[in-house]
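Notes follow the structure.
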Amino acid sequence: MQPSDGRPRDAGGGGHVSSVGYSDDHVPAPAEVSGDVRYDDPWYDALASGWGETSGTVTPPAPPARRQGPGGATADVYLQVHRSEAFQEVRSRYRRFVVPAVAVFFTWYVAYVVTATSAPDLMARPVAGAVNVGMLAGLGQFLTTFLLTWAYVRHARLRRDQAALELRWDTQELARERGGAA
């Protein structure tokens, strides 16, 4: 069996295999020695998260440093935008919808679960034929999930998307003015 990188595995005793997966006879490329990880590496996310490593002693590589322009750090642009009134308004609109919606939905879900476990006679009460209160409440969970998704998308489209798009353009313009790449 071969590993996904195309190199044959050591089949019994030919050389020591390190925790990185190279045998003694493998000569690593310069990027492998320095620990640099390129973004075009298909295993970048898996390696950075520590997936597939045999011991917990190997630390994942740090992400590449952010580019800075000659006029100022790109990070300063994002800090400036984060402190801006427009950004705070977009975040405020988001929170004004999401916090109450999550609270209502979570309360409705917990009420359904608690009622189903503590009042089975109520949930077993027939409504029409074989359909009972518990079935209707369970279907209501699905219905409210779809309604909440629709309401969130509508709210985002009407109250946040345009402001967020304008903020994005402003951020990119600021980054270009300062010589950074956004």
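Bear in mind the structure is a predicted one, so any value in this text is a computation, not a measurement.
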Please identify each residue that fulfils side-chain hydrogen bond (donor to acceptor under 3.5 Å, both in side chains) with Glu173, with sequence neighbours left out.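 Counting only residues at least two positions away or on another chain, Glu173 forms a side-chain hydrogen bond (donor to acceptor under 3.5 Å, both in side chains) with Arg176.
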For the student: nearest non-hydrogen atoms of Met135 and Val131, plus distance: SD-CA, 3.8 Å
Nearest atoms (heavy-atom pairs only) where Val77 meets Leu174: CG1-CB, 3.7 Å
Considering only Ile, Leu, Val, Met, Phe, Trp and Tyr, and joining two whenever side-chain heavy atoms are under 4.5 Å apart, list the other residues clustered with Leu147. Leu143
Any chance you could pull the hydrophobic cluster mates of Trp169, using side-chain heavy atoms under 4.5 angstrom and chaining through other members?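 In the cluster with Trp169 are Leu165.
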For residues 113-123, tabulate all N or O donor-acceptor pairs below 3.5 Å that involve a side-chain atom, not counting sequence neighbours.
residue : atom : partner : partner atom : Å
Thr115  : OG1  : Ala111  : O            : 2.6
Thr117  : OG1  : Val113  : O            : 3.1
Thr117  : OG1  : Val114  : O            : 3.1
Ser118  : OG   : Val114  : O            : 2.6

Distance-only check: which donor-acceptor pairs under 3.5 Å involve side-chain atoms of residues 84-91, not counting sequence neighbours?
residue : atom : partner : partner atom : Å
Ser84   : OG   : Val81   : O            : 2.6
Ser84   : OG   : Phe87   : N            : 3.3
Gln88   : NE2  : His82   : O            : 2.5
Glu89   : OE2  : Arg93   : NE           : 3.0

Flag if over 12 foreign heavy atoms under 6.0 Å of CZ, Arg168: no
Flag if over 12 foreign heavy atoms under 6.0 Å of CZ, Arg159: no
With sequence neighbours left out, which residue pairs that include part of residues 97-145 fulfil the ring pair (Phe, Tyr, Trp, His ring centres under 6.0 Å) condition?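 Applying ring pair (Phe, Tyr, Trp, His ring centres under 6.0 Å) to every pair that reaches into residues 97-145, excluding sequence neighbours, yields Phe97-Tyr152, Phe97-His155.
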